[in-house]
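Just below is one structure, and these are the notes that go with it.
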Protein chains: 4
Amino acid sequence: MSQTTERRVRQAAIELFATRGFHGTGIRDLAEAAGLSSATLYHYMGTKEDLLVSIMRGSLERLITAAQRVTSDASDPLDRISRLVALHVFTHASQQLETRVVDGEIRALSDARRPEIISLRDAYEALWQSAIDDGCTRGQLRPSSRRVARLALLEMCSGISRWYSPDGPFTLDDLARRYVEMALGLLGAADPLPELKLEPVQEVVAVVWGD
Amino acid sequence: MSQTTERRVRQAAIELFATRGFHGTGIRDLAEAAGLSSATLYHYMGTKEDLLVSIMRGSLERLITAAQRVTSDASDPLDRISRLVALHVFTHASQQLETRVVDGEIRALSDARRPEIISLRDAYEALWQSAIDDGCTRGQLRPSSRRVARLALLEMCSGISRWYSPDGPFTLDDLARRYVEMALGLLGAADPLPELKLEPVQEVVAVVWGD
Amino acid sequence: MSQTTERRVRQAAIELFATRGFHGTGIRDLAEAAGLSSATLYHYMGTKEDLLVSIMRGSLERLITAAQRVTSDASDPLDRISRLVALHVFTHASQQLETRVVDGEIRALSDARRPEIISLRDAYEALWQSAIDDGCTRGQLRPSSRRVARLALLEMCSGISRWYSPDGPFTLDDLARRYVEMALGLLGAADPLPELKLEPVQEVVAVVWGD
Amino acid sequence: MSQTTERRVRQAAIELFATRGFHGTGIRDLAEAAGLSSATLYHYMGTKEDLLVSIMRGSLERLITAAQRVTSDASDPLDRISRLVALHVFTHASQQLETRVVDGEIRALSDARRPEIISLRDAYEALWQSAIDDGCTRGQLRPSSRRVARLALLEMCSGISRWYSPDGPFTLDDLARRYVEMALGLLGAADPLPELKLEPVQEVVAVVWGD
DNA sequence: CATGAATGAGCCTTCATTCAT
DNA sequence: GATGAATGAAGGCTCATTCAT
């Protein structure tokens, strides 16, 4: 099974699912975008839904792995939050299409396949909640509601994949720093922003997403 | 043309487009949800896309009207921002399905119909940008980037329609106040939050969305 | 739902399923034979399998009803057997295509639908077995095995639908008499064939299959 | 070309064609049942239809050969009939799947290939007709119609392949004797059944089907 | 020998839409 | 108003077959 062809299929699916939605993407669109006949497509995937699930699972598993690594050596809650935000910004900008699929097409999953993906997403969001909770416990954060804060923060950060363009005026580092700043403001951080080191996050990103 | 039937069709469309997406909703689903035959449906709508456009236009026009009214008698940028956030929260929570359609199904529009909706959305967002810009000019806000701040803020606020449940622990007023607080933090408001009066916003909402 | 069109669909299905088999018949063949587009077909049927099941069920239910009526007023086992054979011959010749479908396409049914049809078929065959058993008990029949006799007899009689042609040299009455004769020989009937009256069978056939 | 692999393919085809029908059997099913890839399958067969034809031809040729041998040294028509019935029973029970394919899938043949198989089948049935006719001429049989008798008799005997199970209560010898008995009854044999010797039939079967 | 890769044609079914009644 | 009937186009997927390796 030619690995490059499989990648082409996957990449085509990510692009089309992201821009037209799962239900808005036909098998024939997919085949054309991948440069194959629609019959050949089925050498590289199971059903259309299998392909969607595989994209989502892969994306979320990488994200969870990266989030765990990036926070494992950070004891300070503010530091953990900052790293999570930076990681999220990096991935939602540079893997813009993939993350849009993950965030936006969960409803297209059948009842049989949805739970798996939902639980991966929940596992990821639990890492954020835990960091926020710790920050509150230590008095470093003062959000009006911990849960609402998590939801608002995640929506704010995920939104990047919906508008980011590599042609824009900001580097990813720029963007990450700005989002960390906004995040801490949003969370009612008591102290001014400490100096943010992006290197640890960049390293993890390089390892997890690099080939 | 019975108005209640037309509303039933509209309501069914809002519910289905919001939960399954435009492409995931069939004409037969729509007809069944509205209690009509699929042929009868066409007495109350043009094409499926016409129905989508009409929902989006109606929603955005009401939103723009409300935003203009709510900010027309507020000269202080912080006040305008706060009112916009409160209004946005009110509508994205209480008109959750409708706003989800507006925010999420723009990509389903044909090239011919998209510009109209996009320009309505842009008009609405321009009111936010203007308030943010004014706040910066007056030195009341210090976001790292005015444009990024608008995008981040709007994503944060719109996210409510994706998770809000009326069974949750917060009243709409609660939620609005919390979001205003987070918004000002996100924007780097220099001064502490002044007392927020929700009455003007509530009045406008009652007028614009009341029947 | 135009009843004549529905009948045309049914008739087309019977003809095609009988001559090409269920799996050898395409939806497009069906549509063409019924004079419809393949989409319109679906106004008059559920799935292709639904159509098959409905044909089989209808055919078997009529057969069971007729068999019960034809034997209800015959106490003599030989008489019952003779009537069953005559009825079977009548239907398998005049409803040749339909019975061929019932007898030959059971294997095409999915596991979910097969049991219903199988139990109808079993109910019908039980009427035969009971008549044979009674004949043996009374000493009128001497087959070497009751069960094998039933199987052999039914196969012999059902075979008619596979070769009968209305252009052949025999009338249905002729054929029925000959088969009754062969059946009693096959079953080892002790006494010579009593005079066979076909009228009761013909009446039942007229009622059950007449419109 | 490994002969055992070829046999595996053939055996898989016989099993699947018999249980699902020719049109109900896919090339992939065939490949899987034979433990090959679908491409490799084509080293051992021509087209799917070639495989069907080859199975049918082989089966019918063996049957004709055996029928000729078994009747060649029997001058008495009743003896010939009895031997033909016994042979038919033996083969339709022990080669149940193969004979089911021969009897049931002729309609799946294309117009180009059907005549060959039909003429083989006709040659075989002619042997039966000839024996029946001779029996009638000599006054040993009194069927009401010679042709109908042949058709009824063959259907009765062929039916065995549709219900026989080696787990059943009868040995093949048993079954053969019972069928001969029923056959003579069906044909209106004037005299009681003479002693039936199965040995000549068994010998021919051993030679023709033995490996 | 064996098979991954490939495909045009076809599978059954549903799509959004129209129209005569 | 309302709907049965109708359809061309398209939906996702599988078909039997070929061929380079």
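Naming convention: chains lettered A, B, ... in sequence-line order (proteins, then strands); numbering from 1 in each chain.
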Checklist entry - Which residue pairs pass the ring pair (Phe, Tyr, Trp, His ring centres under 6.0 Å) test with at least one member in residues 36-56 of chain C, sequence neighbours excluded? => result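 Checked against ring pair (Phe, Tyr, Trp, His ring centres under 6.0 Å) - neighbours excluded - no pair reaches residues 36-56 of chain C.
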Contacts of type side-chain contact (heavy atoms from CB on, under 4.5 Å), residue [X], not counting sequence neighbours:
X       : result
C/Glu15 : C/Gln11, C/Leu97
C/Arg62 : C/Glu98, C/Val208, C/Trp209
C/Gln96 : C/Arg100, C/Ser161, C/Tyr164

Name each donor-acceptor pair under 3.5 Å that joins a side chain in residues 30-38 of chain D to protein atoms two or more places apart or in another chain, with its distance.
{"unit_1": "D/Ser37", "atom_1": "OG", "unit_2": "D/Ala39", "atom_2": "N", "d": "3.4"}
{"unit_1": "D/Ser37", "atom_1": "OG", "unit_2": "D/Thr40", "atom_2": "N", "d": "3.2"}
{"unit_1": "D/Ser37", "atom_1": "OG", "unit_2": "D/Thr40", "atom_2": "OG1", "d": "2.8"}

Next on the checklist: I want to confirm an ordering. Mapping C/His43 and A/Thr47 to their closest nucleotides on DNA chain F, which one lands closer to the 5' end?
Outcome noted: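 So the residue in question is C/His43.
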Checklist outcome for this item: Secondary structure of DNA chain F per the Watson-Crick/G-U criterion (both distances under 3.5 Å; [ ] crossing, | other strand, . unpaired) is .||||||||||||||||||||
Item to check | Proximity to DNA chain E (any heavy atom under 4.0 Å), residues of residues 49-59 of chain C only | outcome: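 Contacting residues: none.
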Next on the checklist: Does anything in residues 14-41 of chain D come within less than 4.0 Å of DNA chain E? Heavy atoms only, and list the residues if so.
Outcome noted: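 Heavy-atom cutoff 4.0 Å gives D/Ser37, D/Ala39, D/Thr40.
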Item to check | N/O (side chain, C/Tyr42) to phosphate O (OP1/OP2, E/dC15) under 4.0 Å | outcome: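 Answer no for this pair, as no side-chain N or O of C/Tyr42 is under 4.0 Å from OP1 or OP2.
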Item to check | Phosphate-side-chain proximity, C/Tyr44 and F/dA6, N/O vs OP1/OP2 below 4.0 Å | outcome: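 True: C/Tyr44 side-chain N/O within range (under 4.0 Å) of F/dA6 OP1/OP2.
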Next on the checklist: The criterion is salt bridge (Lys or Arg N to Asp or Glu O under 4.0 Å); which residues satisfy it with C/Asp111, sequence neighbours excluded?
Outcome noted: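 With neighbours one apart ignored, the set is C/Arg114.
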Checklist entry - Residues two or more places apart in sequence or in another chain: which of them pass salt bridge (Lys or Arg N to Asp or Glu O under 4.0 Å) with D/Glu61? => result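 Checked D/Glu61 against salt bridge (Lys or Arg N to Asp or Glu O under 4.0 Å); zero matches.
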Next on the checklist: Give me each pair satisfying salt bridge (Lys or Arg N to Asp or Glu O under 4.0 Å) with a member in residues 16-27 of chain D, each pair once, sequence neighbours excluded.
Outcome noted: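 Non-adjacent pairs meeting salt bridge (Lys or Arg N to Asp or Glu O under 4.0 Å): D/Arg20-D/Asp29.
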Checklist entry - Got a sec, which pairs hit salt bridge (Lys or Arg N to Asp or Glu O under 4.0 Å) with one end in residues 40-52 of chain A, sequence neighbours left out? => result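 The answer is A/Asp50-A/Arg113.
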Checklist entry - Under 4.0 Å between a Lys/Arg side-chain N and an Asp/Glu carboxylate O for A/Glu105 and B/Arg107? => result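 Between B/Arg107 and A/Glu105 there is a salt bridge, with a charged N closer than 4.0 Å to a carboxylate O.
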